[in-house]
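Here is the structure we will look at, set down as structure tokens.
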Amino acid sequence: MNADDLNRPVLITGGCGFIGCNLADTLAKRGMPIVAFDNLSRAGVRENAQWLKSRHGDLVSIVTGDIRDAISVIEAVRGARAVLHLAAQVAVTGSLQDPVDDFEINARGTLNVLEAIRAHNHSAPMIFASTNKVYGRLVQDRDIHQIGRRHVPSDLRFAGGVDEDVPLDFYSPYGCSKGAADQYVRDYARVYGMNTVVLRMSCIYGPRQFGTEDQGWLAHFMLRSILGEPLTIFGDGLQVRDALHVSDAAEAWIAVLENISSVRGRVFNLGGGPENAISLLELVDQIAMMRGVAPALSFDAWRPGDQPWYVSGCDALSSAVGWKPQIPLREGLPSLLEWLEGRFAPTGATMPKELRI
């Protein structure tokens with residue numbers, strides 16, 4: 001990388017979202033100029049933008065734009081040293097309500113980014129935030145059993161998590177739109193010789209996550225408890241996900257970027273792995289332990305596209321770039337709770353630290 005490249009910014013689409021702003025912060029702390037490209041439509045993103053500016057000043061530029069607008073994407077991409085593409089419609093429920101909008105953002109928007117790079121900045125690395133939802137339901141009811149307060153797959157091949165060789169099986173419009181984008185990003189490396197990589201992410205959590213019922217479930221569960229509001233679990237609560245702290249996720253993205261020449265064209269799972277897997281009911285138990293009070297629970301029917309079990313196998317990523325998660329759940333969950341309490345808790349509502357795990 002020459003001196004001119006060092007002066008060019010890293011473009012982060014969705015750069016004011018939860019993962020995007022943490023990634024921008026991590027890179028800016030290392031002296032890299034950042035362009036955070038965001039339409040600022042989601043809850044919390046304007047606050048995240050202000051947070052980035054307060055920490056890094058002119059090193060971070062906030063550009064308001066939408067990946068559905070090909071012209072504004074070209075303008076943003078043209079001068080970038082690298083493109084980290086996180087802008088998306090992020091919820092299965094949102095895709096069920098408006099599948100056309102979901103497609104336009106996730107599939108067509110990603111194609112706009114790829115085409116802008118291909119035509120105007122061909123050598124720039126591009127890393128794409130895909131999702132574990134491209135694997136579909138993965139295991140059927142007959143193929144899982146209950147151990148304690150979680151589902152466990154009967155197939156021993158999944159003992160170390162799901163690897164990248166598992167067949168794709170898009171389930172829900174969200175799975176289809178992200179899956180189409182996933183395959184476009186991979187194929188542009190093969191067909192056009194571009195420096196693209198796909199990261200299929202599991203549950204990312206941590207500070208600056210404004211969790212909702214549709215996305216960011218760990219933060220959503222904690223926030224309902226902090227606010228004293230009831231929590232609805234869709235399904236039986238035994239469904240399992242692996243969780244990765246956002247600081248570990250940022251380090252993985254950076255490791256891929258730094259090794260782009262050796263990993264271009266590849267697809268990797270990114271998550272906390274089996275060591276950081278947790279069920280919904282187990283998280284409720286942890287919240288009760290940390291806060292001294294459990295959220296009030298109700299249950300509703302499973303939602304389309306819900307997976308009874310998903311845990312990432314991340315051996316391929318670890319082997320390729322030397323990355324491994326550093327923050328276990330027992331440390332990461334209290335850090336998220338502390339941030340949420342500081343941001344949302346009514347005065348005096350936080351619990352003493354000695355009650356936390």
Side-chain angles (χ1 to χ4, degrees), residues 91-93 96 130-172 174-175 178-179 200-205 211 213-218 220-222 224-225 231-245 268-290 294-318 324-325 328-330 332-333 357:
V92 171
T93 50
L96 294 169
S130 187
T131 172
N132 62 55
K133 295 297 188 292
V134 300
Y135 297 115
R137 187 171 170 83
L138 198 65
V139 292
Q140 302 304 315
D141 292 344
R142 65 180 181 275
D143 299 321
I144 56 176
H145 59 279
Q146 181 178 345
I147 295 181
R149 286 167 70 80
R150 65 167 59 187
H151 286 308
V152 177
S154 302
D155 193 334
L156 295 180
R157 292 178 302 170
F158 292 140
V162 176
D163 64 34
E164 294 83 357
D165 293 331
V166 169
L168 303 182
D169 183 19
F170 307 156
Y171 191 143
S172 79
Y174 174 75
K178 292 293 283 188
R200 292 174 181 160
M201 297 198 294
S202 192
C203 300
I204 313 298
Y205 73 99
E213 191 171 72
D214 297 323
Q215 198 268 341
W217 69 278
L218 288 96
H220 170 63
F221 278 33
M222 290 183 181
R224 297 283 70 74
S225 175
L231 172 65
T232 300
I233 287 180
F234 296 91
D236 55 19
L238 302 173
Q239 53 264 55
V240 170
R241 301 289 183 271
D242 62 313
L244 180 68
H245 194 275
F268 299 104
N269 292 335
L270 175 59
E275 299 81 6
N276 294 294
I278 190 169
S279 77
L280 276 62
L281 291 180
E282 288 170 343
L283 178 61
V284 171
D285 293 342
Q286 296 288 4
I287 293 170
M289 189 181 302
M290 289 188 290
L297 291 182
S298 63
F299 291 82
D300 206 338
W302 289 85
R303 296 176 297 186
D306 280 346
Q307 298 158 310
W309 178 91
Y310 177 85
V311 173
S312 301
C314 299
D315 289 347
L317 182 60
S318 296
K324 288 186 178 180
L329 268 175
R330 66 177 181 275
L333 291 179
I357 60 173

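Everything quoted here is computed from the prediction, not taken from an experiment. Values below: every heavy atom of this structure, side chains too, minus hydrogens, waters and symmetry copies.
Pro274 meets the side chain to side chain contact (heavy atoms under 4.5 Å, CB included) test with Val311; sequence neighbours excluded. Residues satisfying the ring pair (Phe, Tyr, Trp, His ring centres under 6.0 Å) test with Tyr174, not counting sequence neighbours, are none. Residues meeting the side-chain hydrogen bond (donor to acceptor under 3.5 Å, both in side chains) test with Thr232, sequence neighbours left out: Ser298. Scanning for salt bridge (charged side-chain N to carboxylate O under 4.0 Å, His left out) contacts around Glu282 gives Arg150, with sequence neighbours left out. Residues meeting the ring pair (Phe, Tyr, Trp, His ring centres under 6.0 Å) test with Tyr171, sequence neighbours left out: none. Annotation: salt bridge (charged side-chain N to carboxylate O under 4.0 Å, His left out) contacts of Asp300 (sequence neighbours excluded): none. For Gln239, the side chain to side chain contact (heavy atoms under 4.5 Å, CB included) partners are Asp236, Arg241, Leu280, Trp302, not counting sequence neighbours. Residues passing the side chain to side chain contact (heavy atoms under 4.5 Å, CB included) test with Asp169, sequence neighbours excluded: none. For the side-chain hydrogen bond (donor to acceptor under 3.5 Å, both in side chains) test, no residue two or more places apart in sequence or in another chain qualifies with Asp143. Remark: Leu168 pairs with Val134, Tyr135, Phe170, Gln183, Arg200 by the side chain to side chain contact (heavy atoms under 4.5 Å, CB included) rule, at least two apart or across chains. Scored by the salt bridge (charged side-chain N to carboxylate O under 4.0 Å, His left out) test, Arg142 finds no partners at all (sequence neighbours excluded). Remark: Asp306 pairs with Arg303 by the salt bridge (charged side-chain N to carboxylate O under 4.0 Å, His left out) rule, at least two apart or across chains.
For the pair Ala243 and Leu218, the tightest heavy-atom approach, listed with the atom from each and the gap, is CB-CD2, 4.2 Å. Closest of all the heavy-atom pairs between His220 and Leu231 is NE2-CD1, 3.6 Å. Scanning all heavy atoms of the two residues, the minimum distance from Phe158 to Val139 falls at CE1-CG1, 3.6 Å. Contact detail for Lys324 and Ser318: the closest heavy-atom pair is CG-OG, 3.7 Å. The two residues Val240 and Ala277 make their nearest non-hydrogen contact at CG1-CB, 3.9 Å. Across all non-hydrogen atoms, the minimal contact from Ser225 to Pro295 is CB-CG, 3.8 Å.
Taking the side chain as every heavy atom from C-beta outward, Ile233 and Leu297 approach each other to under 4.5 Å.
Between the side chain of Gln286 and the backbone N or O of Ala288 there is no donor-acceptor pair closer than 3.5 Å. Panel note: side chain Ser312, backbone Asn269; no donor-acceptor pair is recorded below 3.5 Å.
For the atom pair CG (Leu244) and SG (Cys314), the distance works out to 7.5 Å, reported to the nearest 0.5 Å. In this structure, the separation between CG on Leu238 and CD on Gln146 is 4.5 Å, given to the nearest 0.5 Å. Here NE2 of His151 is found 12.5 Å from CD of Gln307. Values are rounded to the nearest 0.5 Å.
Residue Ser202 forms a side chain to side chain contact (heavy atoms under 4.5 Å, CB included) with just one option from Asp242, Val162, Thr131, and that option is Asp242.
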